[in-house]
Amino acid sequence: MSTGRLLPLELVDKCIGSSIWVLMKDTNTELTGTLKGFDDFVNMVLEDVTEIRITDGERKEVKLDSVLLNGNNVAILVPGGAPEE
Amino acid sequence: MSSIESPLDLIRLSISERVYVKLRSNRELRGVLHAYDQHLNMVLGQVEETVTSKEVDEETDEEIVKKSKREVDMLFVRGDVVILVSPPLKST
Amino acid sequence: MSELTKEEPPAAPAAPPPTSVTPSTYLKSILGRPILVRLHTGVTYRGILACLDGYMNIAMEQTEEYGVGGELESRYGDVFLRGNNVAFISGDTKAK
């Protein structure tokens, strides 16, 4: 995927319909899923979601059909989804 | 509940009622809602404040939940520390 | 097959364009439905979504509160949740 001269939100728009990996501001929460859409605040609708929370070194995964993710605490988006463990 | 269009309507309908307010830092308030604004800054009267803390007993290694309560006639709550506001259950 | 399906086009295009579900359309689809709300702290609320606004402030009915470990902590009738604490809202209530 060429990212030259691409505005940040254009990159996010290109991810619609594909897997995306979302890293939250607090470093112990991540989500992966299929990006269905987003708005100007980068609030996102994700489907087939896995939420990963790490508390006290323990990794916990939760599966959800669909979520509306608040863009407020999003730190990083990785197109293509999370790497295989 | 069917008559409300915005979440803040729920707060508007609770004016002069006793409400439960959950705040950050394990702090809870129960009191009469006198006023609020769009930030959810609030004025509460006849308030009971509950602070919950957890300590570990050094001998038994058990977790002890401590609740300390105090009463305040009138107070102001800054909206940004509010997590949840709930009117009292009608059935209780 | 019902009578209503007769007027449908014979076949869908082979590769339909990816349809975008924006936050706004997603919210409309879950209004009045059971939802799960996860706060940044890990605390979870389940209940019926009554309404919400642009700050993600949420009004819910028949609300249950679950602690970080998933244990039921409290029940409320109506609840106002301040949007800044909300990590996500999900219409999928089967999940924990």
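To find a chain, count down the sequence lines: A is the first, B the second, and so on, and within it residues start at 1.
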Next on the checklist: Counting C-beta onward and ignoring hydrogens, is there a side-chain heavy-atom pair between B/Val56 and B/Glu62 closer than 4.5 Å?
Outcome noted: no
List the steps and the verdict of salt bridge (Lys or Arg N to Asp or Glu O under 4.0 Å) for B/Glu28 and B/Lys22. CA-CA 5 Å; B/Glu28 300 163 283; B/Lys22 193 184 176 86; 5.3 Å; no
If one checks every heavy atom of B/Ile83 against chain C at 4.5 Å, the contacting part turns out to be both
Crowded around C/Tyr55 OH? As in, over 12 foreign heavy atoms under 6.0 Å?
no
Applying a strict 4.5 Å limit to non-hydrogen atoms, the region of C/Ile58 in contact with chain B is backbone
Answer key: most heavy-atom pairs under 4.5 Å with chain C among B/Asp9, B/Leu8, B/Val19, B/Asp80 is B/Asp80
Under 4.5 Å to a heavy atom of chain B? For C/Tyr45 that would be side chain
Evaluate the criterion salt bridge (Lys or Arg N to Asp or Glu O under 4.0 Å) for residue pair B/Glu49 and B/Arg70; output intermediate values, then yes/no. CA-CA 5 Å; B/Glu49 181 207 39; B/Arg70 57 186 166 185; 2.3 Å; yes
